[in-house]
Structures are given as structure tokens and as C-alpha cells.
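Please read the structure below before turning to the comments.
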Amino acid sequence: MRIVVCVKHVPDIQSERALGPDGRLVRDGGDGTINELDENAVEAAVVLAEQARDAGDEAEVVVVTVGPDDAEDAVRRGLQLGADAAVHVLDDAVAGSDVFGTAAVLAAVLRRLGEQAPVDLVVTGMAGLDGLTSLLPAALAATLDLPQLTLAAEVTLADGAVTVRRDLDHAVEELTAPLPALVSVTDRANEPRYPNFQGIMAARKKPVETLTLADLGVDPATVGAAGARTEVLEAAPRPPRTDRVLVTDDGQAGARLAAWLLERDLVRTTPATGEVL
Amino acid sequence: MATVLVLLDHAETGALRGSVLELATAARDLADGGEVHGLWVGDEPVDPALPVLGRHGVAVVHQVSTGAVDARLTPVLAEVLADAVRETGATVLLALSTFENKEAAARLAVATGAGVVTDAAAVERDAEGRVVASKTVLAGTWTTRCAVRTGLAVVLLKAGAVVSRHVDEEAPLAPELRTRALAVSERATRAALVRRTPAAPSDRPDLSSADVVVVGGRGTEGDFAPIEALADEVGGAVGSTRVATDEGWIGHETQIGQTGVTVSPRLYIGAGVSGAVHHRGGMQASGTIVAINPDPEAPIFEIADYGIVGDLFTVLPQVTEELRRLRQG
Ligand SMILES: Cc1cc2nc3c(=O)[nH]c(=O)nc-3n(C[C@H](O)[C@H](O)[C@H](O)COP(=O)(O)OP(=O)(O)OC[C@H]3O[C@@H](n4cnc5c(N)ncnc54)[C@H](O)[C@@H]3O)c2cc1C
């Protein structure tokens, strides 16, 4: 069982995040971290690898990231969380890539890994908590021509097939596909383990391979800002809210809120009659 | 002149989702003298979907069936979209910003080279004719405008982003219906649907498009009755935090936040909600934010327009009662 997990280095969402004049995320705040949802992806992969080993099979988990120098922290974290090896694609030409550029680079890494030994499963987080488009998993699956099982809240492997449960707005679905396949997981899939001292020490000895676009045979013109399909024209911080009210309930705050809502026409003045087309 | 294609999301019953009319409205402005076409995937639309679409400027509806293949699989939907884009020559595709549509859009984009904007709050053409979409990012703290640089622009609009309008001039009573069957590739069904359990139907409006959303968190201690009573009084939807869904107090589909539903209603009322950054990411773009929480240090007060330091179990019933009294006159 060989599992590859794609992880991203993003600004910590607890920190003050900002966009630069070029509309790109400011990534040099120094408080970058592994995308939280990718910890769920690593955890899912490590658990599946453990299960394979318990069943007497060999198993390996490789974490892969694409990004600047700092991004190595993301794969280091993946190694601390139990992955066995890591790949970091580091190339200035990657800066400003959109989701499709990133998917092309990740696909090239996966093809290269696949030449060394077959990859059975690709796991990603459901979204990057920076751009939050959640387009990458499906884009990567399409680029690699793998079956996709996205937004998994539960992942199981059996008899060469992967099965997931996913919770959508209007339904709960169960999907299954033969391996190799791509799975994206939500934060409901598991509780990522906290790396212990041993894990942190062991991670230091694990290999991180650094690759460039040339190593991967990817044309720089197809990725990075040059290859991006959308262009940010303007980015502005949301203006602060004005006229804010903060009161302590004196027994009448609810009644005053009701009047305030009606005054501002924030709730219908006549009771709702139901939606008609 | 351009053909703008609108994906006509509908319920399993064949009833059009109301927010699709917002897309049709936005599509008219983008068409620039060209036509608005709709794509209906699956069994026939039920009344009054077609005349309503006609009144909102949709000239042609392409009804595509995939035969025995389940079109709810997003790789299948992506192939249907690619086929419809080819068939119509559309240069813009609008769809609702749902997880399913995002997946299909991502695959369509890989197949066609299209540029995609998700969670758009508005879309227009700039002076050069480029499709430009606006959206809020970084948990609602920034607004961006971005232009699509490719020949096909895919924009996924949030429900409620646009106010739907009828066409002014004498519109056709119903759009022309063109029916097609499409043979999708075998690769689109390699991930097979084993089971699908539709969410229980609700009388309340859809969370993602509701005008008013009343949200309960851990502070409800599992008692959502005051939340539901206020939501019903104002015709709003009920939302929750992850804590409330993890505890099993309410269905997962009500979770608002970065890994749940994104909402931007005119009015958000959060009770027993701390305002953790993961939750804020899904609601901070709301028009007016009201918060009720006994802890004056709760982060939600930093973004609230109207904050009450108090107990939801006394404040909310009073709001509901007073609204009822005032509205009955
Ligand atoms: C990767 C990841 C993704 C996540 N995604 C989401 C997401 O999409 N959505 C989400 O919501 N969370 C998400 N979370 C969880 C999030 O971090 C918070 O834990 C969660 O939002 C907190 O929910 P809460 O406000 O209900 O609970 P708490 O933070 O525990 O707050 C409860 C509040 O209720 C107040 N309270 C108590 N009693 C009363 C009373 N009687 N009346 C009024 N107020 C009262 C308390 O003062 C407190 O402020 C995510 C977490 C992670 C790690």
C-alpha cells in the first residue's frame, strides 16, 4: 500500500491574514503552518497504512508539497504526524500558480513517484483554508485520470477498493472505486494525532526530496502567475463595521433588539407566507 | 455578443431551485446582446420551471439525459457541462456555488482550459469585455475583484448574490426545449454511487440562500427550541456551529463555517456561538450580525453590529415574543 498525501503551507488562520498589492496572499508573515485540513489527510493516510501493516502488507506514506522555502515546514509536519518520506517542489516559477497550475505540478510529482513504485491512493484535504476554493482535489483527479471520492467524512479500504461517506447539503452519499483513486477528506474524517517527542525526533531523520520544475519536466510557462487563468484586479480589506451596539441584558435587551430589527427592516414586517416561484 | 450558459440546479422532484433565477438574471447582463441558455440535467422539468425561466430571460433550455448513468456523480456532470459548452458555444458558464458544482467545474476546467471563480458575490463585464467576479476571502475580511483570462469563464455564484428580475420586454412564455441524450465516458463512473440518502425535507428556507439565519452553538446545550422558534417567526433558516453538529444536536447540513455552508444573509443572529475563526469564515460576510452571549470577551462581539451580553434562553424568547406582538400591531 503506497499512499501520497498532498499538503499545503498556508498562513495560520488564527493570525491576521492579508493580501498584497498584487492581490496575492502575503505569505511571509512567518506564522505559516500546514493547512489544518491536510492534517486530517495525513492522519487518514497514516491510519490506512497502519491497517495495511497490521494485515501483513508493506505500507508507505509520502507527503508532497509545492511552495516556497517555508513550505518545507508543511511536509516536516506531515513527517512528524507519521508519514515516511516527503517531496517538496521548490521553484520560483511556481509562485502565483492557480489551482490548475498547482494540480499540474502535483500530477507531475505523482507520475514521477508512480514510476518508482505504483501509488495506490492519493489523499488531500477538502480545501485550503487560504483560498478555500476546494477545486484542487477534483482538478488533480481529472489531471491524473483517477476516480475521485471527495469530501470524505469516513474512508475505508477493502479488497482493492476504497469507499467513502460524504455529507452534502441535500444528501449523504456513499461512493466506492477500485484503487488507484483520489480521496479528499473533511475535518470530520478523524482527529489528527498530536506528534509526540519520539515522532518529532524520528521525523528529523526522514528524507525530504527537493525537486524543481525541470526535474519534473513541467514547462514553467504553464504554471505560476503566467499560467494562471484568473487575475486579481483589486483587493481591499473589508471596511470596519460602523454604528455598532454592544449592550448588557437588563431584562429588556431582547425587546429592544426586536424593535431595532423592525426599524431597520431586517425581518419581514408581515409573517412569511412561504416561497413561491 | 455571447452565449451564456446557466446550470439549472433542481431538486430531485424536478422543481427548479429558486436561486437559479438569480443566475439567469446575472446571465442577461453578461450576454451582451447574446442569448441565455439553460442546462437541465436529468428528467423533465416540472411546472412551472420552463415559463418561469422564460420570464427570466432564458431563451433555450437544453435538457440532457445520461440514460442509466447517474448524473449526480460530479465527473458525469462535468462531461455533460463540457458537451453543453461545445454545443452552445458558450463563453460563460454560471452555476450555483455548491460543493458538487465546484467539483464539476474543476473537472470541466481541466478538460477545456477554462478559468474558474468560486463563491462569487457578483459578476459583470469590464470595459474590455472581460468577465470580472467579486468575492470575499480570508474569512470575509477582504474583498477581491478578479478577471477571468480564458476563453471560457466559469463563475460559481453564491445563492442570494444577485436579486432576480423578470425581463422587462415581452418575454416568450416558455423557452425552447431541446432534448439530448449523452453517452458519458466509462471513466466518469469509476467512482460509483453505492447509496444516496436525501436530507429530510424542511419547511424552512434553504440555509445558503435564506435572508435571515438564526444560529445556535454550544451555548444552547442541545436545546435548539428558542433558535427554531425565532427562525420560524421571521421565516429564516436555522444554522449551527460544528460543536452543535458534532454533539448530534442538529443535522450536519446546518453547520456554517469553513468546512460547512457559507452564508451571507441580510441578517445573521448567533446565540451561544463564540465566533471561532473557522465559523466566522462562513458568516462574516453577512449583512448585519447580531450576537447573544454571556461572555463579553467572545470573539463574535468583535464583528457584531448588535451584541447582547446575556443568556440566549431569556433573550431569544423575548425577541420572538416582541416581534410577534409588534407585527400583529
Ligand atoms: C479544521 C477545522 C475546521 C472547522 N470548521 C468549522 C466550521 O466550519 N464551522 C464551525 O462552526 N466550527 C468549525 N470548527 C470548530 C471551531 O474551531 C469551533 O470549535 C466552533 O465553531 C465553536 O463552536 P461554538 O461557538 O458553538 O462553541 P464554543 O466555542 O464552545 O462557544 C460556545 C459559546 O456559547 C456561549 N454560551 C454558553 N451558554 C450560553 C447561553 N446560555 N446563552 C448564550 N451563550 C452561551 C459561551 O459563552 C461560548 O462563547 C472547525 C475546526 C477545525 C479545527
Side-chain angles (χ1 to χ4, degrees), chain A residues 13-14 17 19 23 100 126 129 132-135 138-139 142-143 145 147-151 163 167-177 181 186-187 229-238 241 244-249 253-255 257-260 262 266-269 271-272 275 277, chain B residues 16 18 48 52 75 98-100 102-103 106-107 109-110 115-118 132 138 140-150 187 190-199 205 212 234-235 252-253 258-259 261 266-267 277 288 290 301 305-310 315 318-319 322-323 326-327:
Chain A
I13 73 160
Q14 306 286 355
R17 296 176 297 172
L19 299 176
F100 304 103
M126 66 171 276
L129 292 176
L132 212 69
T133 66
S134 62
L135 294 172
T143 308
D145 198 15
Q148 69 178 46
L149 303 95
T150 46
L151 301 174
T163 302
D167 305 332
L168 300 168
D169 289 353
H170 299 286
V172 176
E173 290 182 351
E174 203 177 302
L175 296 174
T176 190
T186 73
D187 51 323
R229 300 178 187 182
T230 54
E231 176 190 350
V232 178
L233 304 176
E234 274 163 50
R238 186 191 164 117
R241 291 175 185 269
R244 296 171 49 195
V245 183
L246 183 63
V247 296
T248 302
D249 185 23
L257 171 59
W260 188 85
L262 285 176
L266 287 167
V267 291
R268 296 189 193 130
T269 42
E275 217 62 57
L277 273 183
Chain B
L16 190 68
V52 165
T98 62
F99 280 119
E100 291 98 319
K102 287 177 188 179
E103 284 178 25
R107 297 184 68 91
V110 169
V116 183
V117 182
T118 59
V132 175
L138 303 183
T141 56
W142 284 71
T143 306
T144 61
R145 266 167 42 86
C146 58
V148 182
R149 301 163 76 182
T150 50
R187 71 159 57 100
R190 278 181 308 185
L193 194 59
V194 181
R195 195 171 300 124
R196 188 168 207 276
T197 316
V212 181
V234 299
H252 169 62
E253 69 286 352
Q258 292 192 312
T259 57
V261 184
R266 261 169 18 104
L267 173 63
V277 64
T288 297
V290 174
F301 287 131
D305 297 285
Y306 198 112
I308 297 178
V309 178
V315 176
Q318 196 177 66
V319 178
E322 184 70 0
L323 281 175
L326 290 172
R327 293 158 85 198

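In what follows, chains are A, B, ... by sequence order, proteins preceding strands, each numbered from 1. These figures come from a predicted structure and were not determined experimentally.
No donor-acceptor pair closer than 3.5 Å links the side chain of B:R327 to the backbone N or O of A:L262. Judged by distance alone, the side chain of B:R195 and the main-chain N or O of A:V172 form no donor-acceptor pair under 3.5 Å. Side-chain atoms of A:R244 never come within 3.5 Å of backbone atoms of B:G307 as a donor-acceptor pair (strictly under, hydrogens ignored).
In this structure, B:R196 CZ and A:E173 CD are separated by 4.5 Å, a value rounded to the nearest 0.5 Å. Note that OG1 of B:T259 and CG of A:D187 are 3.5 Å apart. Values are rounded to the nearest 0.5 Å. Note: B:D305 CG to A:W260 CH2 = 5.5 Å, rounded to the nearest 0.5 Å. Here the straight-line distance linking atom CG of A:D169 with atom OG1 of B:T98 works out to 7.0 Å at 0.5 Å rounding. B:K102 NZ to A:T133 OG1: the interatomic distance, rounded to the nearest 0.5 Å, is 7.5 Å. With values rounded to the nearest 0.5 angstrom, A:T150 atom OG1 is found 3.0 Å from B:E103 atom CD.
Side-chain atoms of B:V309 and A:V247, non-hydrogen and from C-beta on, never get closer than 4.5 Å to each other. For the pair B:L193 and A:E174, the minimum side-chain heavy-atom distance is 4.5 Å or more. Residues B:R187 and A:D145 have side chains in contact (heavy-atom distance under 4.5 Å, counting atoms from C-beta outward).
The part of B:L267 that comes within reach of chain A is its side chain, from C-beta onward, which places non-hydrogen atoms under 4.5 angstrom from that chain. Both the backbone and the side chain of B:V148 come within contact range of chain A, with heavy atoms under 4.5 Å apart. With a 4.5 angstrom heavy-atom cutoff, A:L151 touches chain B only via side-chain atoms. For a residue to count as touching a neighbouring chain, one of its non-hydrogen atoms must lie under 4.5 Å from one of that chain's; by this rule A:L149 touches chain B with the side chain only. The contact between B:V116 and chain A is made by backbone and side chain atoms together, counting heavy-atom distances below 4.5 Å. There is no contact between A:A181 and chain B, counting heavy-atom distances below 4.5 Å.
With 3.5 Å as the limit, one finds a donor-acceptor pair spanning the side chains of B:R107 and A:Q148. Neither side chain, A:E234 nor B:T144, offers a donor N or O lying under 3.5 Å from an acceptor on the other.
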